[in-house]
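So the structure is just underneath, and the comments pick up after that.
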Amino acid sequence: MARKKTTTNTLARRFSVHNGKGFSLADCPTRAAEACGLDKKTGKHLLKERIRYLAQLQALLYANNTWSVLVVLQALDAGGKDGVIKHVMSGINPQGVSVSSFKQPGPVELAHGYLWREHMVAPAAGRIGIFNRSHYEEVLVTRVHPELLEHECLPLSLRRKPTFWKDRYEDISSFERYMARQGTIVLKFFLHLSKEEQRLRFLQRIKHRTKNWKFSPADIHERQYWDDYQHAYEEAIRHTAHPDAPWFVVPADQKWFERLVVIEAIIDALEKLHLKMPAMDPAMEADMEKARRQLEAEAPGLRITPFIDAGARAPQKIVIFWKGRTLRWRQCAGSDA
């Protein structure tokens, strides 16, 4: 039996998690293009089309200046976050997009609550904000390496609470619900990479000189904690997936497919807003018409020359010259005089 082809408007929904109860990361594939009836050539063609369409939707978002979108990208090393940002956002207006990369927190960040820096760079109305890594590092990296909590300005009694991680999940969910209630569409993506594909990508970074800059010995060190990270991601998704801020567990072994799923999720969310270009205020329309007439009247060297034979019945020309060039001409009927 031939595999059923997945349409683009259902592609992202196939990998969405709106309710984390009972979620199992082991049930999520890292490759899924064939199961969705897509090949690389078709997928890349679709991606180009959808990039153009996303640009149109982003223009509507920007013009309305009410809703905003937050795209959260999480992945293990070599998961493809930078590539998703580069390709998915390649066709939209940079003026309406911001990218925030959250590295290891410094002294200022550590002196504040762990959601402080994310709140500072959340997208404004009409904008798309992208978090390259995010507040989820505080329930991922710190859960795998709890000794990092010693650098945060937290009372020891709070760090030792039995409900510490549960409390963090609740705080994150509350933060995301708050953003949703302020008009921010929160979309969270876990780029789900297989251990073998990560190994191959690390080797590419070592073997190809143009990719050497991507390599870090720390990535190899963290690879030994693979199972711990898988558990941490499963727990995070299980406790923080909800309709106001769904997760998308994106198969990431095929980069072109990964990017297509991400862009479809963003498009799907924007389409549900049913945005249109804002209606013009009647008073503004009158001002614009007045301004148009004034500006056209100011054109230097404007001369309208009618070539009309008063006795002719055939259509005649009216030619408009400006600075020695013909701007336009139209035909008019001859006179009956």
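Computation of the quantities below employed the complete heavy-atom set of this structure, encompassing side-chain atoms and omitting hydrogens, waters and symmetry-equivalent molecules. Just so it is clear, the model here is predicted, and its values are computed rather than measured.
- The CD atom of Q74 sits 9.0 Å away from the CZ atom of F190 when rounded to the nearest 0.5 Å.
- The side-chain hydrogen bond (donor to acceptor under 3.5 Å, both in side chains) contacts involving residues 149-158 comprise E152-R168, where partners must be two or more places apart or lie in separate chains.
- Taken from CG in D219 to CZ in R201, the straight-line distance is 13.0 Å, to the nearest 0.5 Å.
- The CG atom of L70 sits 9.5 Å away from atom CD1 of I130, with the distance rounded to the nearest 0.5 Å.
- In the displayed structure, Q104 atom CD is contacted under 6.0 Å by at most 12 heavy atoms of other residues, nucleotides or ligands.
- The pair K188-E176 meets the salt-bridge criterion, since a charged nitrogen lies less than 4.0 angstrom from a carboxylate oxygen.
- Here L61 contributes atom CG and L273 contributes atom CG; the two are 7.5 Å apart, rounded to the nearest 0.5 Å.
- Atom CD of Q95 sits in a sparse spot, with 12 or fewer heavy atoms from other residues, nucleotides or ligands closer than 6.0 Å.
- Between the E137 side chain and the T142 main chain, no donor and acceptor come within less than 3.5 Å of each other.
- Ring centers of H145 and Y225: under 6.0 Å apart, within the cut-off.
- Ring centers of F248 and F189: under 6.0 Å apart, within the cut-off.
- Side-chain polar atoms of T42 and D39 form a donor-acceptor pair below 3.5 angstrom.
- Sequence neighbours left out, the pairs with a member in residues 57-82 that pass salt bridge (Lys or Arg N to Asp or Glu O under 4.0 Å) are D77-R133.
- For the atom pair M288 CE and R293 CZ, the distance stands at 13.0 Å (nearest 0.5 Å).
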Point to revise | Residues R143, E138; criterion salt bridge (Lys or Arg N to Asp or Glu O under 4.0 Å); working and verdict | key: CA-CA 7 Å; R143 182 142 199 193; E138 290 294 330; over 6 Å; no
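- T184 places no side-chain N or O within donor-acceptor distance of the main-chain N or O of A180, the cut-off being under 3.5 Å.
- The line from CD1 of I92 to CG of L57 is 10.5 Å long, rounded to the nearest 0.5 Å.
- When atom types are taken as modelled, the side chain of D253 and the backbone of E197 share no donor-acceptor pair closer than 3.5 angstrom.
- Between H239 and F23, the distance separating the two ring centers is not shorter than 6.0 angstrom.
- The cluster map of Ile, Leu, Val, Met, Phe, Trp and Tyr, joined by side-chain heavy atoms under 4.5 Å apart, puts L115 and L73 in different clusters.
- With ring centers used as reference points, Y62 lies 6.0 Å or more from W67.
- Q224 and H221 share a side-chain donor-acceptor pair at under 3.5 Å.
- No more than 12 heavy atoms of other residues, nucleotides or ligands sit less than 6.0 Å from atom NZ of K161.
- E235 and H231 are not linked by any side-chain donor-acceptor pair at a separation below 3.5 angstrom, with hydrogens and angles left out of the test.
- In this structure, V262 is not a member of the same hydrophobic cluster as V17, with clusters built from ILVMFWY side-chain heavy atoms closer than 4.5 Å.
- Separation of the H119 and F175 ring centroids falls under the 6.0 Å cut-off.
- Residues V249 and F131 are members of one and the same hydrophobic cluster, defined by side-chain heavy-atom contacts under 4.5 angstrom among Ile, Leu, Val, Met, Phe, Trp and Tyr.
- The same ILVMFWY cluster, assembled from side-chain heavy atoms under 4.5 Å apart, contains both V261 and V71.
- The backbone N or O of A125 lies less than 3.5 Å from a partner atom in the side chain of R127, making a donor-acceptor pair.
- Checking E222 against Y229 by side-chain atom types alone, a donor-acceptor pair falls below 3.5 Å.
- In R160, the CZ atom is not crowded: 12 or fewer heavy atoms of neighbouring residues, nucleotides or ligands sit closer than 6.0 Å.
- Defined by atom type and a distance below 3.5 Å, a donor-acceptor pair is present between the side-chain atoms of E271 and Y53.
- A donor-acceptor contact shorter than 3.5 Å links the side chain of R159 to the backbone of L154.
- V186 and V121 end up in the same hydrophobic cluster when Ile, Leu, Val, Met, Phe, Trp and Tyr side chains are linked at under 4.5 Å.
- Inspection of the T240 and Y136 side chains reveals an N or O donor paired with an N or O acceptor under 3.5 Å.
- When R31, E258, Q230 are each tested for a side-chain contact (heavy atoms from CB on, under 4.5 Å) with H192, only one passes: Q230.
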